[in-house]
Number of protein chains: 2
Amino acid sequence: MKPKDEGKIAEIYAATLTLVKEQGLSGITMSMIARKAGFATGTVYIYFANKEELIVKLFDKCIDDYTQHYFTGYDPSAPFKVAFHTIWMNMLRHSIERFDELVFIEQCFHSPFISDETRKATKDRMLPWRELIERGKKEKLIKQFDYSWIMLFVRGGMRDLVKHCTYNQLKITNEFKEAMFEMCWDGIKD
Amino acid sequence: MKPKDEGKIAEIYAATLTLVKEQGLSGITMSMIARKAGFATGTVYIYFANKEELIVKLFDKCIDDYTQHYFTGYDPSAPFKVAFHTIWMNMLRHSIERFDELVFIEQCFHSPFISDETRKATKDRMLPWRELIERGKKEKLIKQFDYSWIMLFVRGGMRDLVKHCTYNQLKITNEFKEAMFEMCWDGIKD
DNA sequence: CTTTTAACTGAATAATTATTCATTTATCTT
DNA sequence: AAGATAAATGAATAATTATTCAGTTAAAAG
């Protein structure tokens, strides 16, 4: 018996992400994905029951991926600004290194594939980040705005900056990153 | 002879925007658009040669729309912060009132419908905004960062905040708007 | 080395969606 | 009021895309 090559799942995911980044969710077909990944259309159906399952599973994987990255090296007992900086930089690094996942998630949010429940569940994964923000407010280090505002303000600006740099092939240096951080920080600090 | 009802174009556009907001670009069909707009599928083809033409024309219209809104009431001779505030508030108002256009443009950018040239041409429309930012830098009122950074930082955060409020049906009060402005301003000011 | 099993293939089929077109309807012209 | 013309309709057709499946190949077991 020939065993399933689980590595193929990763190849299918990679092909899908690349295509979605290039063409958008509306521009991809199952045969395009198979061709890009380097095998026959039917093979994709060995690993996924249908297109929807592929999209949903990849979406879940992307969400897992970022929640994992965001909090690596995060020490909740560190001073607020240090902890904030750690997570902020994790977010930025993830956005840069997994740019195609970023785009994919964004496209999925406005698609028939992702349900409202899934959308909401996604937010709950950011709990440690939320707790950190609340702490910053309590310590009067940042503005007394709703957690969501802070979160969206920070992430929104970051996402558009990364998009711009990626599309224009601008290298994101460390100085660049720190400057970006400074803008965010100055925006939210009390 | 029965004349073309040019009002139908607006209805087709409105139906398309609503559907894209709800389902994403990948989730819409010509018959869905026609049904939503309230007439037969074939009618859409009297006003647009095909789906692509519809999408591209609507995209152009949306771009026109926002460049028009952004600079209404803008007085280049006003003090920098006043002028900046005017445009910023115009952007915010436009994002709120034309939320579906915002989503549509975003979706189009990652789709096979919009060409790279169109993507680039879109940016050129923001010239007055660019000039204002450069002036702010010259007057040492804002940080000496590249124009694009400032622009993207400001718009990215705003967009995600408006998305959040829209999806969660939060009313955006004037205090809310000014608070949001404050975050942006503090982020970029020197 | 043979058998067995399941992956893999890609052409065939099914399902969906875009587009057309014969027919009907509404408006304008005379 | 009748004729002319083009819009409007929606079922029919064409095109595209998802999904299946009969045949082929490759790995594992004995």
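Side-chain atoms are counted along with the backbone in the values below, which use heavy atoms only and exclude waters and symmetry mates. Here the structure is a predicted model, which is why all the values come from computation and not from measurement. To find a chain, count down the sequence lines: A is the first, B the second, and so on, and within it residues start at 1.
Spacing between atom CD of B:Gln23 and atom P of C:dT16 amounts to 15 Å, rounded to whole angstrom units. One atom, NZ of B:Lys8, and another, C1' of D:dT9, lie 11 Å apart when rounded to the nearest Å. Summarising the geometry, the separation between CD1 on B:Ile33 and P on C:dT17 is reported as 12 Å, rounded to the nearest angstrom. Separating the CZ atom of A:Phe48 from the C1' atom of D:dT17 is a distance of 19 Å, rounded to the nearest angstrom. In this structure, CG of A:Asn50 is placed 22 Å from P of C:dT13, rounded to the nearest angstrom. Atom CZ of A:Arg35 is separated from atom P of D:dT17 by 10 Å (rounded to the nearest Å). Put simply, CE on A:Met30 is 14 Å from C1' on C:dA15, counting in whole angstrom units. Distance, B:Asp5 CG to C:dT25 C1': 15 Å, rounded to whole Å.
For the residue pair A:Glu101/A:His69, the side-chain donor-acceptor check at 3.5 Å is not satisfied. There is no side-chain donor-acceptor pair under 3.5 Å between B:His94 and B:Gln68.
Take the nearest nucleotide of DNA chain C for B:Pro3 and for A:Ile46: the residue whose nucleotide is more 5' is A:Ile46.
With A:Thr67 contributing its side chain and A:Ile63 its backbone, the two residues share a donor-acceptor pair below 3.5 Å.
Note on A:Thr43: a side-chain N or O is less than 4.0 Å away from OP1 or OP2 of C:dT9.
Checking C:dA18, D:dT9, C:dT9 against the side-chain heavy atoms of B:Phe39 singles out D:dT9 as nearest. Comparing C:dA18, C:dA6, D:dT17 by their closest approach to the side chain of A:Lys2 singles out C:dA6. Of the candidate nucleotides C:dT19, D:dA7, D:dA8, D:dA7 has the atom nearest to the side chain of B:Lys4. Nearest nucleotide to the A:Ala40 side chain, out of C:dT20, C:dG10, D:dT19: C:dG10. Candidate nucleotides D:dG10, D:dT17, C:dC8 were compared by shortest atom distance to the side chain of A:Thr29, and D:dT17 ranks first. Closest to the side chain of A:Tyr47, out of D:dT19, C:dG10, C:dC8, is C:dC8.
Across every non-hydrogen atom of A:Pro112 and B:Gly27, the tightest pair is CG-CA, 3.8 Å.
Between A:Tyr167 and B:His110, the ring planes lie tilted relative to each other; the angle falls in the 30° to 60° range.
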